[in-house]
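Have a look at the structure below, then the notes.
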Amino acid sequence: MKITFFSTQPYDRKFFNACNESFGFELEYFETHLGPHIVNAIEHTDVVCVFVNDKVNAAVIEVLAQKQVKIIALRCAGFNNVDIEAAKKYNIHVCRVPAYSPEAVAEHAVTMMLALNRKIHKAYNRVREQNFSLNGLLGFDVHGKTIGVIGTGNIGKAFCKIMLGFGCKVLAFDVIANKEIEALGITYLPLIDVLKQSDIISLHCPLNDLTKHLVNEQTIALMKKGVMLINTSRGGLIDTKAVIDALKNGQIGYLGIDVYEQEEKLFFKDLSADIIPDDTIQRLMSFPNVLLTAHQAFFTQEALSQIASITLNNIKEISEGKKPAHQAALLA
Ligand code: NAD
């Protein structure tokens, strides 16, 4: 059985090759994204394995079906980039890795929050230039602050637990309340109230039609002046233009983002010698109170090992006509 990977980096090959020793699949790697530009070049493969920025829309899926591809295996949790209905129409299975290391992403969200608050990104450079002054580095105690969590699934839940450990009051909004974390002391409130009452807001819901631009001009206006906003989920949850306006007028005091709406043209590439034509990201990077990482929240050794093993297991089980061990892994 052959699996063709798209959007691969050296670390993908390392972890998948190691894991495949116990599966024995034929693996083929492409660096390019999967999308309309490349789908016609696919030959004799049973499975395409894709990541967050591959474009698997209806047109791409139609070609995959013509090429007898049986499975689209996402090696990530989010699946907003795959047209599930089109896959169902052409009887192509779609699977994902619903949970690998939720702690990896939750810990990165906390890292961004602490780095922004204590201005570690500035302090690091300052000390290297022998500037040992503290002026401009003043932070605040996270202990005792109110944290708003939007989406309390695997990652949101892990994030809530860490914030409880910090001694914070944790408010949450989700379409389904999680009894386990409610019992730990988290309070579920309507979205509006979470936005109004929180000092720090962290987004952990998926991107879909309901959540697109959940953070927009109107919802930002509800937030506390100087709020800290953290997004490790998907770029499309935020209307970037509205956020830039709010950073300019001080309504948003700190922004930590690991995801960006137009990230597919930038992230996972070394563009250090290029002129970036995207003025929006350049504007974001110009703020001293914005911390941007390039979709690295998942990027831990534990997460990469689990991603490889769950993805190959999903493919094995589906190809044998079984349901994947993780119930939420099978999307079509
Ligand atoms: P999950 O499915 O376990 O949890 C998502 C939660 O969001 C669920 O509890 C769900 O009920 C809730 N939700 C759905 N619609 C909502 C809405 N309209 N408003 C509020 N809550 C809503 O997913 P997860 O594993 O916790 O991952 C969350 C997101 O994190 C993924 O969708 C993905 O986009 C993102 N992610 C990012 C990285 C990264 O490296 N930056 C890595 C993994 C996942």
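Whatever order the structure lists ligands and atoms in, that order sets their numbers, starting from 1. Quick note: residue numbers are just sequence positions, from 1.
Ala104 does not count as a contact of ligand 1, since none of its heavy atoms falls under 4.0 Å from the ligand. Heavy atoms of Ala99 stay at 4.0 angstrom or farther from ligand 1. Using a 4.0 Å cutoff on heavy atoms, Val175 counts as a contact of ligand 1. Using a non-hydrogen distance threshold of 4.0 Å, Phe79 does not register as a contact of ligand 1.
Considering Tyr29, Phe15, Phe30 as possible partners of Phe5, the one that fulfils the ring pair (Phe, Tyr, Trp, His ring centres under 6.0 Å) test is Tyr29.
For atom 11 (O) of ligand 1, the protein comes within 4.0 Å by at least one heavy atom. The protein reaches atom 36 (N) of ligand 1 closely, with a heavy atom under 4.0 angstrom from it.
Less than 4.0 angstrom separates some heavy atom of Asp258 from each of these atoms of ligand 1: 39 (C), 40 (O), 41 (N). Under a 4.0 Å criterion applied to the non-hydrogen atoms of Pro98, ligand 1 contributes the atoms 25 (O). Annotation for ligand 1: atoms under 4.0 Å from non-hydrogen atoms of Ala297 are 39 (C), 40 (O), 41 (N). Residue-ligand proximity, Asp174 to ligand 1, at heavy-atom distances under 4.0 Å covers atoms 6 (C), 7 (O), 8 (C), 9 (O), 10 (C), 11 (O), 12 (C), 13 (N), 20 (C), 21 (N), 22 (C).
The protein heavy-atom contact nearest to atom 43 (C) of ligand 1 is Tyr100 OH, 3.0 Å.
Remark: ligand 1 and Leu210 share no N or O pair separated by less than 3.5 Å (distance only, no angle test). Taking any N or O of Arg96, backbone or side chain, none lies under 3.5 Å from an N or O belonging to ligand 1.
Ring orientation note: the planes of Phe299 and Tyr11 are nearly perpendicular, at an angle over 60° on the 30°/60° scale. Ring-plane geometry between Phe268 and Phe298 is classed as perpendicular, the angle between the planes exceeding 60 degrees on a 0 to 90 degree scale with a lower cut at 30.
Within a 6.0 Å radius of NZ in Lys55, no more than 12 heavy atoms belonging to other residues, nucleotides or ligands are found. A 6.0 Å sphere centred on CZ of Arg126 holds more than 12 heavy atoms belonging to other residues, nucleotides or ligands.
Looking at Gln296 against ligand 1, nothing comes within 4.0 Å, counting heavy atoms. The parts of Ile155 lying near ligand 1 are both backbone and side chain, judged by heavy-atom distances below 4.0 Å. When heavy-atom distances to ligand 1 are checked against a 4.0 Å cut-off, Leu207 has no atom that comes that close, whether in backbone or side chain. Contacts with ligand 1 closer than 4.0 Å are made by heavy atoms of both the backbone and the side chain of Asn154.
Of the candidates Cys205, Ala77, Gly156, Cys205 brings a heavy atom nearest to atom 22 (C) of ligand 1.
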